[in-house]
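The structure appears right after this line, and notes come after that.
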Number of protein chains: 2
Amino acid sequence: MKYDLKLGKEIMCPIEYGLDIFGGKWKSRIICVLSSNKVIRYNEIKKELGNITDAVLAAMLKEMIADEMIIRTQYNEIPPRVEYALTEKGKSVLPILQCICQWSREHSAEALDTKLPACISCDQL
Amino acid sequence: MKYDLKLGKEIMCPIEYGLDIFGGKWKSRIICVLSSNKVIRYNEIKKELGNITDAVLAAMLKEMIADEMIIRTQYNEIPPRVEYALTEKGKSVLPILQCICQWSREHSAEALDTKLPACISCDQL
DNA sequence: CAGTATCCCCGATGATACTG
DNA sequence: CAGTATCATCGGGGATACTG
């Protein structure tokens with residue numbers, strides 16, 4: 001959901017804003033990965049996420065930069081080096097992700113016959 | 001995301017489970033509406049949500065029943081009367097929604113030039 | 001290495017009509 | 001009243017190829 005900052009369109013309810021920030025298939029995972037690495041390079045993120053494509057990863061990172069959830073630091077070397085890290089705003093969602101994670105663990109066992117698997121990313125929260 | 005209970009497929013990470021439960025465009029709103037009405041009828045939910053269509057509302061309610069987030073009570077009267085209410089599991093996500101709501105209010109002002117609007121549903125949390 | 005550029009697919013959501 | 005049935009749409013996400 002694009003709430004174009006400049007145009008100030010798409011007035012949204014608070015929960016929508018939150019879900020736009022860390023919802024979707026990848027953003028929460030990216031936050032998790034960044035949370036356990038002070039700084040991390042593009043290809044390391046990609047490796048940790050396993051099966052994300054470049055197009056999607058690049059798009060997610062771009063949105064998250066615009067949302068001020070992460071910062072991108074580019075070193076003009078050859079080969080290029082770019083590092084990503086959580087901003088303070090980014091770090092501030094970690095407790096929420098932990099809450100969701102804990103809630104899910106507590107309530108999924110009843111619903112699913114199986115327990116939720118350990119999650120490489122969430123478990124490092 | 002359908003994690004068919006019977007087939008037990010789609011093993012997911014905890015955060016995914018949570019986002020499946022209350023993520024998406026409508027579920028969190030439905031939970032909010034139900035949280036401020038002990039019981040509420042189908043058309044009342046629809047009215048409160050404003051612009052949801054029957055097809056989508058019915059689908060959401062069905063999923064949420066399957067997830068054991070809400071209960072449906074049907075009275076065999078004419079005209080039909082059906083009431084919905086949050087289960088204990090459903091109520092247990094309210095603190096999380098509140099967290100998200102509060103976090104959004106605290107952090108959106110910087111990003112958006114405008115404050116997030118009061119939200120009929122969230123504000124009753 | 002860290003991405004862009006394209007093209008494509010599918011599932012979530014919406015519109016509309018109909019019914020027990 | 002409380003839905004179901006169909007069809008249409010839209011965009012998030014994916015596949016692949018290419019590049020400074």
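Every value quoted in this text rests on a predicted model; they were computed, and no experiment measured them. Any value given below was found using the heavy atoms of this structure, including those in side chains, with hydrogens, waters and symmetry copies removed. Order of the sequence lines fixes the chain letters, A, B, ..., with proteins taken first and strands second; residue numbering starts at 1 for each chain.
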Taking the side chain of B:Tyr42 as heavy atoms from C-beta outward, which of C:dC1, C:dT4, D:dA2 is closest to it?
D:dA2
Round to the nearest Å and state the distance from B:Leu19 atom CG to C:dG11 atom C1'.
17 Å
Any pair with a residue in residues 68-103 of chain A that passes ring-ring contact (aromatic ring centres under 6.0 Å, His included), sequence neighbours left out, goes on the list, sorted by first then second residue, please.
A:Trp103-A:His107
Residues A:Lys25, B:Glu16: salt bridge by 4.0 Å N-O rule
no
Taking DNA chain C as the partner, which of residues 75-84 of chain A come within under 4.0 angstrom of it by heavy atom?
A:Pro79, A:Pro80, A:Arg81, A:Val82, A:Tyr84
Any pair counted as salt bridge (Lys or Arg N to Asp or Glu O under 4.0 Å), so long as it reaches residues 87-96 of chain B, sequence neighbours left out
B:Glu88-B:Lys91
Polar atom pairs (N or O), protein with nucleotides 13-15 of chain C, under 3.5 Å:
| unit_1 | atom_1 | unit_2 | atom_2 | d |
| --- | --- | --- | --- | --- |
| C:dT13 | OP1 | B:Lys25 | N | 3.1 |
| C:dG14 | OP1 | B:Lys25 | NZ | 2.6 |
| C:dG14 | OP2 | B:Trp26 | NE1 | 2.8 |

Output the rounded distance in Å from CD1 (B:Ile40) to P (D:dG3).
13 Å
Expressed in angstrom and rounded to an integer, what is the separation of B:Lys27 atom NZ from C:dA12 atom C1'?
11 Å
Which pairs, with at least one residue in residues 93-102 of chain A and sequence neighbours excluded, count as a salt bridge (Lys or Arg N to Asp or Glu O under 4.0 Å)?
none
Please list, chain by chain and in numerical order, all residues satisfying side-chain contact (heavy atoms from CB on, under 4.5 Å) with B:Glu44, sequence neighbours excluded.
B:Ile40, B:Arg41
Residues at least two apart in sequence or cross-chain that pass side chain to side chain donor-acceptor pair (under 3.5 Å) with B:Asn76, listed by chain then number, are B:Gln74
Could you work out, with side chain to side chain donor-acceptor pair (under 3.5 Å) as the rule, every residue matching B:Asp54, not counting sequence neighbours?
B:Tyr42, B:Lys46
Listed by chain and number, what are the salt bridge (Lys or Arg N to Asp or Glu O under 4.0 Å) partners of A:Glu68, not counting sequence neighbours?
none
Given side chains that start at C-beta, do those of B:Leu57 and B:Ile30 come closer than 4.5 Å, heavy atoms only?
yes
Does some side-chain heavy atom of B:Ile100 sit less than 4.5 Å from a side-chain heavy atom of B:Phe22?
yes
To the nearest Å, how far apart are A:Gln74 CD and C:dG3 P?
7 Å
At what angle, to 10 degrees, do the two end axes of the helix from C:dC1-D:dG20 to C:dG20-D:dC1 meet, given five pairs define each axis?
50°
Is it the case that B:Gln102 and B:Glu106 place a side-chain donor and acceptor less than 3.5 Å from each other?
yes
Within the pair B:Arg72 and D:dG3, is there a side-chain N or O less than 4.0 Å away from OP1 or OP2?
yes
Quick one: B:Asp54 CG to D:dA5 C1', roughly how many Å, whole number?
12 Å
Nearest-Å distance for atom pair NZ/C1', residues A:Lys47 and C:dG3
16 Å
So, OP1 or OP2 of C:dC1: does either fall under 4.0 Å of a side-chain N or O from A:Arg41?
no
Can you check whether A:Lys62 has a side-chain N or O nearer than 4.0 Å to OP1 or OP2 of C:dT4?
yes
Expressed in angstrom and rounded to an integer, what is the separation of B:Lys46 atom NZ from D:dA2 atom P?
11 Å
Atom-to-atom span, CD of B:Glu44 to C1' of D:dG3 - whole angstrom
16 Å
Can you name the salt bridge (Lys or Arg N to Asp or Glu O under 4.0 Å) partners of B:Arg81, sequence neighbours left out?
B:Glu77, B:Glu83
